[in-house]
Colleague: 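One structure, as structure tokens, below. Some questions next.
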Amino acid sequence: MPELPEVETTVRGLARYLEGERVTRVVLNRPDMRRPFPADLVQAMTGATITSLGRRAKYGLLHTDRARTLVFHLGMSGRWRIDPAEDEAHDHLVIETEGHRFALNDPRRFGSVDLVDTAALDAWSPFAAMGPEPLGESLTVDHLHTALAGRKQAIKLCLLDQRIVAGLGNIYVCEALWRARINPKRAGGQVSKAALGRLLPAIREVLTQSIADGGSTLRDYAQPDGALGYFATRFDAYGREGEPCRRGDGSIRRFDQGGRSTWYCPKCQR
DNA sequence: CGTGTGCCCTGACAGC
DNA sequence: TGCTGTCAGGGCACAC
């Protein structure tokens with residue numbers, strides 16, 4: 001369940017249990033996820049203390065007292081299970097501390113785990129070319145305007161490009177474009193500054209509201225019953241094909257963009 | 001360079 | 001009850 005809000009709530013939830021904890025044992029149940037696990041993962045993490053946790057885009061960060069950071073990505077199907085009652089299929093990595101047990105479960109294995117020198121995180125290749133955090137101060141209308149200038153690609157696809165904004169995924173791009181009344185098919189470079197002025201707060205609001213809901217979801221995460229996040233009941237566009245637009249008398253349509261579904265209201269998103 | 005395509009992988013679900 | 005096809009919250013390699 002990993003989009004930015006889920007990664008954020010996952011990180012916050014893990015922090016409550018992991019911050020300040022010393023790792024006593026690391027178990028790999030297979031050699032890889034998307035990539036091979038780092039060759040020295042077990043050695044590097046065993047005995048290390050988790051000093052703090054963080055997030056960059058859709059990546060979670062476990063900082064250690066050894067000047068190295070464990071960076072995880074949940075891909076499409078990844079989640080952390082905290083103090084699981086029993087082992088499950090696809091628990092690929094298990095980290096134990098004196099008080100708790102954490103299993104990284106990812107059926108599709110699109111996720112990843114890496115070890116990066118903490119001081120060099122910004123230069124780590126997936127982060128090096130990344131755009132600003134959508135909830136940070138460096139994402140501005142001017143940034144969007146500059147980054148999108150001349151782009152012929154549809155705005156929907158531009159917003160999924162992590163070099164323009166870091167951390168948006170399919171759900172929140174659809175939701176933000178609906179809120180800003182922007183047609184997802186419009187070329188990125190053709191979105192007016194006025195429209196970008198609506199888009200920026202729309203992005204912030206949809207992420208912030210989802211994080212607020214995700215916070216209540218996190219406990220379900222920790223007690224692994226797989227319950228849907230509350231925010232899913234509040235979608236205005238995503239997954240609502242054929243249902244009435246909540247804003248007018250149009251109805252939501254779905255179509256394909258870059259091999260992935262886009263939902264929008266053709267009547268009010270221009 | 002920007003842009004489009006296909007693939008990595010498993011599981012859930014619809015339709016036959 | 002199987003099968004088969006489709007789709008899924010992401011990211012990357014590759015071709016033009």
Side-chain angles (χ1 to χ4, degrees), chain A residues 1-11 29-37 55-60 71-80 88-92 104-114 124-131 134 146-178 185-190 203 206-207 209-211 213-214 217-218 220-221 224 226-242 254-263:
Chain A
M1 314 185 123
E3 279 219 53
L4 186 154
E6 281 77 17
V7 178
E8 178 65 26
T9 50
T10 293
V11 163
N29 290 322
R30 54 172 299 125
D32 56 12
M33 294 207 291
R34 164 187 290 283
R35 297 184 279 276
F37 289 118
R55 178 190 59 75
R56 173 73 170 114
K58 299 170 197 166
Y59 292 81
V71 184
F72 68 86
H73 195 292
L74 297 175
M76 294 275 265
S77 57
R79 65 194 170 112
W80 281 97
E88 272 183 19
H90 313 300
D91 284 347
H92 306 311
L104 178 56
N105 187 284
D106 185 5
R108 294 178 72 180
R109 272 183 275 132
F110 287 180
S112 59
V113 171
D114 292 281
W124 185 52
S125 58
F127 291 171
M130 228 173 224
T146 304
L148 292 168
R151 300 276 304 232
K152 295 174 181 168
Q153 212 175 23
I155 183 67
K156 155 77 185 305
L157 297 173
C158 292
L159 292 175
L160 288 174
D161 184 338
Q162 305 293 294
R163 294 169 298 184
I164 293 177
V165 186
L168 295 182
N170 205 31
I171 289 176
Y172 298 103
V173 167
C174 291
E175 293 297 305
L177 288 172
W178 182 88
K185 298 175 186 176
R186 179 174 289 272
Q190 297 297 315
I203 289 170
V206 74
L207 294 177
Q209 289 174 11
S210 181
I211 288 170
D213 287 350
T217 302
L218 185 58
D220 302 320
Y221 249 76
L228 259 184
Y230 183 80
F231 192 80
T233 65
R234 293 165 56 155
F235 290 157
D236 292 309
Y238 185 87
R240 297 193 65 239
E241 182 178 17
R254 181 179 75 86
F255 70 104
D256 192 274
Q257 272 184 310
R260 308 179 73 186
S261 289
T262 299
W263 290 265

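Since we're looking at a predicted model, the values are computed, not measured. The chains referred to below are lettered A, B, ... by the order of the sequence lines, with proteins before strands, and numbering in each begins at 1. Side-chain atoms are counted along with the backbone in the values below, which use heavy atoms only and exclude waters and symmetry mates.
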Colleague: Nearest 0.5 Å, please: how far is CE in A:M33 from CZ in A:R35?
Modeller: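 The distance works out to 9.0 Å.
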Colleague: Near DNA chain C, which residues from residues 164-177 of chain A have a heavy atom under 4.0 Å away?
Modeller: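 Of all residues in residues 164-177 of chain A, the ones placing a heavy atom under 4.0 Å from DNA chain C are A:G169, A:N170, A:I171.
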Colleague: Out of curiosity, A:E3 CD to A:L168 CG, how far, rounded to the nearest 0.5 Å?
Modeller: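 A:E3 atom CD to A:L168 atom CG measures 8.0 Å (nearest 0.5 Å).
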Colleague: Does a nitrogen or oxygen in the side chain of A:R260 sit under 4.0 Å from OP1 or OP2 of C:dG9?
Modeller: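 Answer is yes, contact under 4.0 Å.
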Colleague: Taking OP1 and OP2 of C:dG9, is either one under 4.0 Å from a side-chain nitrogen or oxygen of A:S77?
Modeller: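 Answer is no, no contact under 4.0 Å.
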Colleague: Mind checking ring pair (Phe, Tyr, Trp, His ring centres under 6.0 Å) for A:F235 and listing every partner two or more places apart, or none if nothing turns up?
Modeller: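 A:F235: ring pair (Phe, Tyr, Trp, His ring centres under 6.0 Å) contacts with A:F231, A:Y238.
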Colleague: Below 3.5 Å between N/O atoms, which protein atoms pair up with nucleotides 12-16 of chain C? Just atom names and distances, please.
Modeller:
none

Colleague: Can you measure from CH2 (A:W80) to CG (A:L74) and round to the nearest 0.5 angstrom?
Modeller: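 These two atoms lie 8.5 Å from each other.
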Colleague: What I'd like to find out is whether the side chain of A:R234 reaches to under 4.5 Å of the side chain of A:E175, using heavy atoms alone.
Modeller: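 Of all side-chain heavy-atom pairs linking A:E175 with A:R234, none is under 4.5 Å.
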Colleague: To the nearest 0.5 Å, what is the distance between CG (A:L104) and NE2 (A:H73)?
Modeller: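 Rounded to the nearest 0.5 Å, the CG-NE2 separation comes to 12.0 Å.
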Colleague: Check this one for me: any side-chain N or O of A:H90 less than 4.0 Å away from OP1 or OP2 of B:dG11?
Modeller: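 True: A:H90 side-chain N/O within range (under 4.0 Å) of B:dG11 OP1/OP2.
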Colleague: Is A:H73 close enough to C:dG11 that one of its side-chain N or O atoms is under 4.0 Å from OP1 or OP2 there?
Modeller: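 For C:dG11, OP1 or OP2 has a side-chain N or O of A:H73 closer than 4.0 Å.
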Colleague: Report yes if a donor N or O on one partner sits less than 3.5 Å from an acceptor N or O on the other, where the partners are the side chain of A:R108 and the base of B:dC9; otherwise report no.
Modeller: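 Pair found.
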Colleague: Taking all heavy atoms of A:R109 and all of A:S77, pick out the closest pair and write down the distance.
Modeller: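 Closest approach of A:R109 to A:S77: N-OG, 4.3 Å.
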Colleague: Counting neighbours of CD on A:E241 that are heavy atoms of other residues, nucleotides or ligands and sit closer than 6.0 Å, is the number greater than 12?
Modeller: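 It does: A:E241 CD has more than 12 such atoms within range.
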Colleague: Under the criteria of a ring-centre distance below 5.5 Å and an interplanar angle below 30°, is A:F110 stacked with the base of C:dG10?
Modeller: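 Check passed, A:F110 stacks on base of C:dG10.
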Colleague: Could you tell me which residues satisfy side chain to side chain donor-acceptor pair (under 3.5 Å) with A:Q257, sequence neighbours excluded, listed by chain and number?
Modeller: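 In terms of side chain to side chain donor-acceptor pair (under 3.5 Å), with neighbours along the sequence ignored, A:Q257 is linked to A:T262.
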Colleague: Below 3.5 Å between N/O atoms, which protein atoms pair up with nucleotides 1-3 of chain B? Just atom names and distances, please.
Modeller:
residue: B:dT3; atom: OP1; partner: A:K152; partner atom: N; Å: 2.7
residue: B:dT3; atom: OP1; partner: A:Q153; partner atom: N; Å: 3.3
residue: B:dT3; atom: OP2; partner: A:R151; partner atom: NE; Å: 2.7
residue: B:dT3; atom: OP2; partner: A:R151; partner atom: NH2; Å: 3.4

Colleague: Grab the CZ-P distance between A:F255 and C:dC7 for me, whole Å please.
Modeller: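 Those two atoms, CZ and P, are 15 Å apart.
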Colleague: Using Watson-Crick pairs (N1 to N3, plus N6-O4 or O6-N4) and G-U wobble pairs, both distances under 3.5 Å, which stems of at least 3 pairs involve DNA chain C?
Modeller: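 Stem segments, range with range: B:2-8 with C:10-16, B:10-16 with C:2-8.
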Colleague: Under 4.0 angstrom, heavy atoms only, what part of the nucleic acid is A:S261 near: base, sugar-phosphate, or nothing?
Modeller: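 Here A:S261 touches the backbone only, sparing every base.
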Colleague: Grab the CD-C1' distance between A:Q257 and B:dG4 for me, whole Å please.
Modeller: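 Between C1' of B:dG4 and CD of A:Q257: 13 Å.
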Colleague: Identify which nucleotide among C:dG9, C:dG11, B:dT10 has an atom closest to any side-chain atom of A:Q162, counting heavy atoms from C-beta outward.
Modeller: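 In terms of side-chain proximity for A:Q162, the closest of C:dG9, C:dG11, B:dT10 is C:dG11.
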Colleague: Whole angstrom is fine here: how far is it from NZ in A:K156 over to C1' in B:dG4?
Modeller: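 Whole-Å distance recorded here is 15 Å.
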